K.L.:
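First, the structure itself, so that you have it in front of you.
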Amino acid sequence: MSISFDVAIVGGGLVGLATACALSQCDLNVVLIDTKVQQYADLDSDKIGVRASAINGSSQHYFAQIGIWDDLCASQRVQDFSEIAVWEKGGQAQLSAQAQDFGYQNLGYIIENHVISHYLYQYALTCSNISFFNSEAVNSVFNDDYAYLTLADNTILQVKLVIGADGAHSWIRQQQNISVIARDYIHHALITTVTTEYPHQSCAKQIFYPNGIVAFLPLWQANKSCLVWSTKPAIATNLAALPESEFTNELMALTGDKVGHCQLINPRMVFPLKARFAKRFIKHRLVLIGDAAHTIHPLAGQGVNLGFQDSALLVATIKNLINCNKDIGLPINLQAYQFARRKDTLVMLATMRTIQDMFNGDLLLKKMLRTFGMNAIDHCSPLKKQLIKYAMHI
């Protein structure tokens, strides 16, 4: 015996939860399948999360549309940043921008991932048409009219559409034999949170050096930042194992007097970085979104924003199909969604690859090119504004 829903979302991370919340406003019966989503039920007001995301204007608008933005702001854990500062260690390349110079209030927001997840989950709990299954999907069968998901507890779900939001190693993507084009960035990301000697003053900082990139994302407390250090795998592994004093000395050697001495707040976590691009985002009664469809280097902080853009466009597409009495699970009805999202993702993947390749290594010609390029952008306000608008997705 099966239980019927309109849509099943496999994966309850940021993008999966946001999609469930947004779809609940379409009068659809939605089921979310995830074994860990209940961890977001409580929010420790004193605990600073290890991971944070740079939220652009498009994602902020999506949160407002869903109905959680005011709650996020009321938590006082949303930090807007009004300035970016980028420079090369040991070189002359540098780039800076202030929101007020271009007529913006800010350039984006830094929010801890678990804070966003908490408020999405709390919203979802208020929706009578969202159901949760705290179990893993173990089998999938797709036929002309329905998709069937079998869970580990032997529950069978019958749905019109399955949305795969289950991350870079997506189970549903593999189940449906959707192949992925992948490129190893030959970087691992070391992520933690730190207390800096000097206040961040709402400025997001990024330092390039021959072996990697160090980024400080300003958090809701004046001297707290999320640290994202992308570097070669062996170096990242070594940095994670160093005693705290030696680690902070290595960090100080790169940052100089820009942030002052740092102290660790959280443990150091290391993640391998790889560019992934699913060869198709849609299949019969299946759509891939977020990291299940694509992953990119975190150097521009656009990964999660790409996922929210997937979610927002997919929800808008489904809403339009419902209004036109069309089947939400047929690939022909989802082609425009796939075309738009693949195009945006390919542009972002190409951009990240170009930036990383350009700043990788210490060859004299590369140093000259990046110095010329970054400084030219820094002194060309119209071009800088266009790049900022692209990053903000406004």
Side-chain angles (χ1 to χ4, degrees), residues 3 5-24 28 30-40 51 53 113-114 116-118 120-121 124 130-142 147-153 155-182 271-296 298 303-315 318 328-329 334 337-338 341-342 345:
I3 306 173
F5 294 91
D6 295 308
V7 178
I9 300 172
V10 182
L14 291 171
V15 176
L17 270 172
T19 306
C21 293
L23 283 176
S24 73
L28 294 171
V30 179
V31 57
L32 192 144
I33 305 160
D34 192 279
T35 59
K36 299 178 181 178
V37 71
Q38 292 178 345
Q39 69 181 307
Y40 305 126
R51 303 188 71 174
S53 294
N113 287 10
H114 76 285
I116 301 172
S117 297
H118 170 75
L120 285 169
Y121 182 59
I130 297 180
S131 300
F132 293 91
F133 277 85
N134 184 28
S135 183
E136 290 184 346
V138 296
N139 191 40
S140 63
V141 176
F142 292 73
Y148 296 88
L149 297 176
T150 303
L151 307 186
D153 61 5
T155 300
I156 298 176
L157 307 176
Q158 174 188 285
V159 298
K160 281 287 188 179
L161 179 67
V162 176
I163 298 174
D166 50 340
H169 304 288
S170 172
W171 170 83
I172 192 66
R173 185 186 69 214
Q174 295 175 48
Q175 273 272 306
Q176 291 302 301
N177 298 313
I178 298 176
S179 57
V180 173
I181 300 169
F271 302 92
L273 298 177
K274 182 177 288 189
R276 297 178 182 87
F277 184 74
K279 288 191 175 180
R280 54 196 305 182
F281 289 8
I282 62 173
K283 201 172 179 180
H284 184 68
R285 305 214 173 275
L286 173 65
V287 179
L288 301 178
I289 61 175
D291 286 354
H294 45 71
T295 59
I296 66 170
V304 73
N305 291 304
L306 277 178
F308 288 133
Q309 288 159 29
D310 292 348
S311 176
L313 182 57
L314 178 60
V315 170
I318 290 172
I328 64 172
L334 297 167
Y337 163 82
Q338 175 173 252
R341 296 312 306 141
R342 284 171 62 86
T345 303

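When reading the values below, keep in mind they use all heavy atoms of this one structure, side chains included, and skip hydrogens, waters and symmetry mates. Predicted, not measured: the structure shown is a model, and the values here were computed from it.
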K.L.:
Report yes or no: does R51 contribute a side-chain atom to a donor-acceptor pair with the main-chain N or O of N113 at less than 3.5 Å?
P.N.:
no
K.L.:
Rounded to the nearest 0.5 Å, how far apart are CG of L314 and CG of L161?
P.N.:
7.0 Å
K.L.:
Once salt bridge (Lys or Arg N to Asp or Glu O under 4.0 Å) is applied, what residue pairs with a partner in residues 276-290 remain, sequence neighbours excluded?
P.N.:
R285-D327
K.L.:
Within a reach of under 6.0 Å around CD of E136, are more than 12 heavy atoms found that belong to other residues, nucleotides or ligands?
P.N.:
no
K.L.:
Just jot down the side chain to side chain donor-acceptor pair (under 3.5 Å) partners of Y337, sequence neighbours excluded, or say none.
P.N.:
none
K.L.:
Using the rule side chain to side chain contact (heavy atoms under 4.5 Å, CB included), only one of V162, I163, V31 pairs with I9; which is it?
P.N.:
I163
K.L.:
For N177, check side-chain contact (heavy atoms from CB on, under 4.5 Å) against everything at least two apart and list the hits.
P.N.:
none
K.L.:
Do any pairs count as a side-chain hydrogen bond (donor to acceptor under 3.5 Å, both in side chains) and have a residue in residues 162-172, sequence neighbours left out, and if so which ones?
P.N.:
D166-S170
K.L.:
Suppose we screen for side-chain contact (heavy atoms from CB on, under 4.5 Å). Which residues come up paired with A312, at least two apart in sequence or across chains?
P.N.:
Y62
K.L.:
Please examine the side chains of D6 and L23, heavy atoms only from C-beta on, and report whether any two atoms are closer than 4.5 Å.
P.N.:
no
K.L.:
If you define the side chain from C-beta out and look only at heavy atoms, does anything of L286 sit under 4.5 Å from I178?
P.N.:
yes
K.L.:
Please report the interatomic distance CD1(I289) to CG(L313), rounded to the nearest 0.5 Å.
P.N.:
11.0 Å
K.L.:
Holding to side-chain contact (heavy atoms from CB on, under 4.5 Å), I want the full list of residues that pass it with D34, two or more places apart in sequence or in another chain.
P.N.:
L32, K36, V37
K.L.:
Who passes ring pair (Phe, Tyr, Trp, His ring centres under 6.0 Å) against F277, sequence neighbours left out?
P.N.:
F281
K.L.:
For Q38, which residues count as a side-chain contact (heavy atoms from CB on, under 4.5 Å) partner, sequence neighbours excluded?
P.N.:
Y121, N134
K.L.:
Side-chain polar contacts of residues 11-19 - donor-acceptor pairs under 3.5 angstrom, sequence neighbours left out - could you list them?
P.N.:
| from | atom 1 | to | atom 2 | distance (Å) |
| --- | --- | --- | --- | --- |
| T19 | OG1 | V15 | O | 2.7 |
| T19 | OG1 | S311 | OG | 2.7 |

K.L.:
Checking H118 now: which residues fulfil side chain to side chain donor-acceptor pair (under 3.5 Å) with it, not counting sequence neighbours?
P.N.:
none
K.L.:
Just to verify, what does S24 make a side chain to side chain donor-acceptor pair (under 3.5 Å) with, not counting sequence neighbours?
P.N.:
none
K.L.:
Checking Y40 now: which residues fulfil ring pair (Phe, Tyr, Trp, His ring centres under 6.0 Å) with it, not counting sequence neighbours?
P.N.:
none
K.L.:
State, with a plain yes or no, whether a side-chain heavy atom of L157 is found less than 4.5 Å away from one of I33.
P.N.:
yes
K.L.:
Is there side-chain contact between I172 and L288, with at least one heavy-atom pair below 4.5 Å?
P.N.:
yes
K.L.:
Hey, what do you get for CZ (F133) to OG1 (T155), rounding to the nearest 0.5 Å?
P.N.:
5.5 Å
K.L.:
For the CD atom of Q309 and the OG1 atom of T345, what is their distance to the nearest 0.5 Å?
P.N.:
8.5 Å
K.L.:
With rounding to the nearest 0.5 angstrom, report the NE2 to CZ distance, H294 to R341.
P.N.:
6.0 Å
